[in-house]
Amino acid sequence: MCGRYSTGKVSKKKYEKTLNTKLENISSRYNIAPGQKNPVISTHKNSTSLSSMNWGLVPNWAKDPNPKIKPINARAETLSEKPSFKDLFLKQRCLIPADGYYEWQVTGTNKIPHYIHLPNMSTFAFAGIWDHWKRDDCNTLLSYSIITTEAAEPIRFIHHRMPVILPEKHWQKWLDPSVPVHSLPEILQDCRNDCTYRTVSDLVNKVSNDGPELTAAVPRKKQDEFDFI
DNA sequence: CCAGACGTTGTT
DNA sequence: GTCTGG
DNA sequence: CCAGACGTTGTT
DNA sequence: GTCTGG
């Protein structure tokens, strides 16, 4: 799955070139957590732009802008069936700029954080869906959820689910609300699985920690080595 | 029909 | 255990 | 995702 | 809003 990620060294130019549009700046962050406002690229009324959206989907029909359940992830396999997601999957897809994400490997009583990224620390984009919540007397709330799928082979030992990382060739199609429905599952299945990883320190656990040191490789003992102490 | 949920992950 | 806040 | 709180009444 | 359960 995906519950923390980074935009530390993303290339805004890569998004601008691939999408043929001008975007606002993307701040460098190394510990993006659910519930925060983060940069998201979406196409609305024929224009593609970067907006600040809340991570954790608040559907437009929610009575309250702060409902109990705000999904941070949405399963790719069932997107077109779930009442909360199906309309958004058809018409409100988004790209989430990132250059890595964190996954905790649970071994016995230990939780070892790993930083997962593409070769060469390439800038990438998660596939997501977004929505727009509005009541007369309240400000508009934009929110999003990151789509997940089965984990790629190299990182499956860490966790069995991972966020969908879209190759650049699909970015424009993914954002286009008029793209034929049948191509959506094809795009999702053609996601990147050439991920690599490193163990990192526990600094990432605390949301208030933020900096390049969170992504630094830190050797960690495995659980079975602890067992003999 | 109305009332109530609408999600994921992981664990059992 | 479960919910909230970040 | 993880960390940290989880409550009321009354007083300042 | 739309779906599910009763």
Side-chain angles (χ1 to χ4, degrees), chain A residues 1-8 27 29-40 52-92 96 98-117 126-136 140-141 143-152 155-165 188 195 197-211 213-215 218 220 223:
Chain A
M1 74 176 308
C2 181
R4 294 293 172 89
Y5 65 94
S6 66
T7 55
S27 58
R29 298 192 42 213
Y30 296 86
N31 201 357
I32 291 177
Q36 299 175 339
K37 301 237 185 253
N38 308 313
V40 175
S52 189
M53 299 195 189
N54 207 69
W55 186 10
L57 192 75
V58 178
N60 60 81
W61 43 259
K63 291 182 189 78
D64 183 324
N66 190 31
K68 248 186 201 165
I69 296 170
K70 289 170 290 211
I72 63 168
N73 293 131
R75 289 177 68 90
E77 297 89 335
T78 52
L79 268 180
S80 55
E81 302 161 17
K82 299 289 180 180
S84 291
F85 300 149
K86 60 191 296 184
D87 294 349
L88 306 179
F89 180 46
L90 291 178
K91 293 290 172 195
Q92 288 177 197
I96 296 102
D99 58 1
Y101 73 97
Y102 301 92
E103 193 76 79
W104 283 259
Q105 179 188 18
V106 179
T107 63
T109 55
N110 267 34
K111 280 189 173 184
I112 304 171
H114 295 249
Y115 185 63
I116 298 170
H117 55 91
F126 296 125
I129 49 177
W130 67 280
D131 207 353
H132 182 174
W133 189 95
K134 175 74 184 157
R135 289 295 177 276
D136 311 322
T140 291
L141 172 70
S143 63
Y144 69 101
S145 189
I146 294 175
I147 297 172
T148 62
T149 189
E150 233 178 84
I155 54 170
R156 220 180 141 70
F157 77 97
I158 303 172
H159 191 79
H160 72 111
R161 303 290 297 172
M162 71 176 283
V164 171
I165 298 174
L188 286 178
C195 306
Y197 60 89
R198 58 177 71 144
T199 50
V200 295
S201 78
D202 287 326
L203 282 172
V204 65
N205 290 9
K206 206 173 171 67
V207 171
S208 55
N209 292 329
D210 190 351
E213 66 277 10
L214 301 211
T215 65
V218 172
R220 315 261 316 201
Q223 175 62 28

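Here is the naming used below: chain letters follow the sequence lines, and residue numbers restart at 1 for every chain.
Side chains of Asn31(A) and Asp210(A): no donor on one and acceptor on the other come within 3.5 Å. Judged by distance alone, the side chains of Arg29(A) and Asn38(A) do bring a donor and an acceptor atom under 3.5 Å apart.
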Pair assignment for DNA chain D - dot-bracket with | for other-strand partners, Watson-Crick or G-U under 3.5 Å: ||||||......
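Counting non-hydrogen atoms under 4.0 angstrom, Ala62(A) reaches nothing in the nucleic acid. Lys70(A) comes within 4.0 angstrom of nothing in the nucleic acid, heavy atoms only. Nucleic acid contact class of Phe85(A) (heavy atoms, under 4.0 Å, all strands): sugar-phosphate only.
Rounded to whole Å, the separation between the P atoms of dC1(D) and dT9(B) comes to 8 Å.
Checked against Gln105(A) for a side chain to side chain donor-acceptor pair (under 3.5 Å), the options His114(A), Lys111(A), Arg220(A) give a single hit: His114(A).
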Review item, nucleotides 4-6 of chain C N/O atoms under 3.5 Å of protein N/O:
{"from": "dG6(C)", "atom 1": "N7", "to": "Pro34(A)", "atom 2": "O", "distance (Å)": "3.3"}
{"from": "dG6(C)", "atom 1": "O6", "to": "Pro34(A)", "atom 2": "O", "distance (Å)": "3.2"}
{"from": "dG6(C)", "atom 1": "N2", "to": "Arg4(A)", "atom 2": "NH2", "distance (Å)": "3.1"}

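Of all nucleotides in DNA chain D, those with any atom nearer than 4.0 Å to a heavy atom of chain A start and finish, going 5' to 3', at dC1(D) to dG4(D).
In this structure, Asn209(A) contributes its side chain and Leu203(A) its backbone to a donor-acceptor pair below 3.5 Å.
A salt bridge is defined here as a Lys NZ or Arg NE, NH1 or NH2 lying under 4.0 Å from an Asp or Glu carboxylate O, and Arg75(A) with Glu81(A) fails to meet this definition.
A ring-centre distance under 6.0 Å is not found for Tyr144(A) and Phe126(A).
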